[in-house]
Amino acid sequence: RGLGDVYKRQMYFDKKEYDGAPLLSYEEVKDRLPVPIVSSHPEWVDCYKYAIQVLYTNVHRPTEGSGFVSNFVDAAFNDDIFLWDTVFMTLFCNLLHPYVPGICSLDNFYCKQFDDGEIPREMVRDTGKDFLLWVNAFDSPLYSYFQNHYGFRTLRELGKLPYEDMYKPNMGRIIEKKPYLTLDNLNHPLLAFAEWESYCHTRDAARLHMVFEPLYHYHEAMKYHLRHQNGLYVTDWASMDNSPRNKHLGLAVDTSSEMAMFAGNLIDIMDVLVKQGYEVTDYDKRREGLMKDRTVLIEKINHYMWNEQDGFYYDMTFGERQTRIKTIAGFFPLVSGVADEKQGKRLIEWLEDKETFNRVHRIPVVAADEEGYVWKTFREGFKKNFGQATILWIGAVLVGAFLVFDLWCCQFLAPLGAVRFFAFFLLIGAIFVYLLTIIYLFPLLAFFHVDTRKVIRAVSYTHLTLP
């Protein structure tokens, strides 16, 4: 069963049922959509138009019985919908409003909100059920499946992990109420940011009124469950799946900055609603509390995470040590208003630095001079493994040549009959195993520091344990 069958949900969002809004096709609306004017680069316009056509292949109506209440755009990553992806898709969809279900895609997350304000970041698209691995099945304090183990465990294996093996952040304080969801399911509080950006395009104050209560309770839930005793916010892999930062987390500069921005967005939304004549429950008390949260959090981020010498913001370990790993997360203080003018200029210098973030395809998730950057890691791995890889390549070529020669002999020199037939298929099987070995062999060599015999033995073991 989904958690909606057990716990009370959708307390704060007034839209309770699917509204049946028409789902328009690209052909129906293409002549009404904005087109950029870039006469010097017509290929940019072609790319823009193609992106819109792709977008229209990934719009959906809610499946009956899913509990979703609005048409939505989908990241098309798998069979689930994702909060992080949907937030950023709405920014593009703002340009196409109201001809594509952009900002209303977030309705399907609000309508699954728990009574304490938690909102899941991933749900099954067709059923509306929670992605079960991200549910607090152990009824325990905050924990995460992935953390440092991301990339080493498949989701199938994750389901077998005992609670003792989970990553459990040291919050530094007692949190009496256990969360409904895991830390994996509570990352990146960017809903208010998306709603405010949408309002700046549409001036739809009625929508702000509809989403304010869900957003406020979501903010309070994140503050209750994710705030460390020092005032910063914890995270785990934070949707940066294989980032080198993950093994040091910790307290996250992006999540902390997003919470500061969250409070600021809520203040802006409240002020618009009051100005437009809407009633906001406990306006003065809530506004004062959010102002205090934002001010204190900005002070904490600048005290703990800003490095004056480097001119950069870093994540923190639980030992309150800066990780000193430059990632794209360090620019969230610039986006969220945490950085002052002087700090902002120094961050912009990093964005213009061709040795770190000003690359051909910018902005890279990790600086080009950091361990984990694709080219640097490849170059260093190539130098480190050149001798061992050469030996393996020579061996692989010899084995491959031997198998191909045997197959040729079997096909053209061996006499007809059952023996030839059996030998032919035996060789085909051997070649298949050989190709599987090649596929696993070199990634294994690049990632682990082991001798040649252990690499071959590990690959052989992998073949024996494939599901």
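The first residue of the sequence shown is numbered 1, and numbering continues consecutively from there. Worth knowing before you read on, the calculation uses all heavy atoms, side chains too, and leaves out hydrogens, waters and symmetry mates.
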Practice prompt. Would you sort out whether Asn230 and Leu251 count as a side-chain contact (heavy atoms from CB on, under 4.5 Å), showing the intermediate values?
Written response: CA-CA 10 Å; Asn230 65 11; Leu251 304 165; 3.4 Å; yes
Item to complete: Would you confirm whether Asp315, through its side chain, and Val253, through its main-chain N or O, come within 3.5 Å as a donor-acceptor pair?
Response: yes
Worksheet item: Would a distance-only check, ignoring hydrogens and angles, find a side-chain to backbone donor-acceptor pair under 3.5 Å from Trp350 to Gly330?
Response: no
Discussion item. Less than 3.5 Å apart, any donor N or O on the side chain of Ser70 or Lys15 sitting next to an acceptor on the other?
Written reply: yes
Worksheet item: To the nearest 0.5 Å, what is the distance between CG (Leu83) and CG (Leu191)?
Response: 4.5 Å
Worksheet item: Centroid-to-centroid, Phe318 to His228, below 6.0 Å?
Response: yes
Discussion item. Using only atom types and a distance under 3.5 Å, with no angle test, would you say the side chain of Ser336 pairs donor to acceptor with the backbone of Phe332?
Written reply: yes
Fill in: side chain to side chain donor-acceptor pair (under 3.5 Å) partners of Glu164, counting only residues at least two apart
none
Item to complete: Taking ring-ring contact (aromatic ring centres under 6.0 Å, His included) as the test, write out the residues that go with Tyr12, two or more places apart.
Response: His217
Response to the item:
Closest non-hydrogen atoms of Asn136 and Pro179, given as atom of the first, atom of the second and distance, are ND2-O, 2.8 Å
Practice prompt. Tell me, please, which residues at least two apart from His225 pass ring-ring contact (aromatic ring centres under 6.0 Å, His included).
Written response: none
Practice prompt. May I ask you to decide whether Asp310 forms a salt bridge with Arg324, counting only side-chain N to carboxylate O separations under 4.0 Å?
Written response: yes
Worksheet, complete the sentence: side chain to side chain donor-acceptor pair (under 3.5 Å) filter on Trp306, not counting sequence neighbours, yields Glu308
Practice prompt. Would you give the length of the straight line joining atom CG of Asp19 to atom CG of Asp107, rounded to the nearest 0.5 angstrom?
Written response: 8.0 Å
Worksheet item: Taking only residues two or more places apart in sequence or in another chain, which ones pass side chain to side chain donor-acceptor pair (under 3.5 Å) with Glu195?
Response: Tyr110, Arg207
Item to complete: Taking all heavy atoms of Val73 and all of Cys93, pick out the closest pair and write down the distance.
Response: CG1-SG, 4.1 Å
Item to complete: Please collect all salt bridge (charged side-chain N to carboxylate O under 4.0 Å, His left out) contacts where either partner lies in residues 56-65, sequence neighbours excluded, each pair once.
Response: none
Worksheet item: Between Arg9 and Asp130, does at least one N-O distance fall below 4.0 Å, as a salt bridge requires?
Response: yes
Worksheet entry | Partner residues of Tyr233 under the ring-ring contact (aromatic ring centres under 6.0 Å, His included) criterion, sequence neighbours left out | none
Practice prompt. Please state whether the rings of Phe312 and Tyr314 are parallel, tilted or perpendicular, taking 30° and 60° as the class boundaries.
Written response: tilted
Worksheet item: Is a salt bridge present between Glu352 and Arg362, judged by a nitrogen-to-oxygen distance below 4.0 Å?
Response: yes
Worksheet entry | Result of checking Tyr167, Phe138, Trp134 against Tyr143 for ring-ring contact (aromatic ring centres under 6.0 Å, His included) | Phe138
Worksheet item: With no hydrogens and no angle check, is any side-chain donor or acceptor of Arg245 less than 3.5 Å from a backbone partner on Ile325?
Response: no
Discussion item. For Ala252, is there any backbone N or O sitting under 3.5 Å from a side-chain donor or acceptor partner on Thr255?
Written reply: no
Fill in: Any residue meeting side chain to side chain donor-acceptor pair (under 3.5 Å) with Lys223, in chain and number order, not counting sequence neighbours
Asp293
Discussion item. Here's one to test your reading of the geometry: is the NZ or CZ of Lys177 within 45 degrees of the ring axis of Tyr180 and under 6.0 Å from its centre?
Written reply: yes
Worksheet item: Between Ser243 and Asn246, is any side-chain donor less than 3.5 angstrom from a side-chain acceptor?
Response: no
Item to complete: Flag yes if more than 12 heavy atoms outside Tyr163 fall under 6.0 Å of its OH atom; otherwise flag no.
Response: yes
Which pairs would a plain distance check flag for residues 45-54, meaning a side-chain donor or acceptor within less than 3.5 Å of a matching protein atom at least two apart in sequence or in another chain?
from	atom 1	to	atom 2	distance (Å)
Tyr48	OH	Pro34	O	2.8

Item to complete: Could you tell me which residues satisfy ring-ring contact (aromatic ring centres under 6.0 Å, His included) with Phe82, sequence neighbours excluded, listed by chain and number?
Response: Phe77
Worksheet item: Which pairs count as salt bridge (charged side-chain N to carboxylate O under 4.0 Å, His left out) when at least one residue sits in residues 21-38, sequence neighbours excluded?
Response: Glu27-Lys30
Discussion item. One thing to verify: whether Asp369 and Lys326 come together as a salt bridge, which I'm taking to mean a side-chain N less than 4.0 angstrom from a carboxylate O.
Written reply: yes
Worksheet, complete the sentence: Here the pair of heavy atoms bringing Met123 nearest to Asn108 is CE-O, 3.4 Å
Worksheet item: Is the backbone of Asn78 close enough, under 3.5 Å, to the side chain of Arg125 for a donor and an acceptor to pair up by distance?
Response: yes
Item to complete: Go through the structure and list residues passing salt bridge (Lys or Arg N to Asp or Glu O under 4.0 Å) with Lys354, not counting sequence neighbours.
Response: none
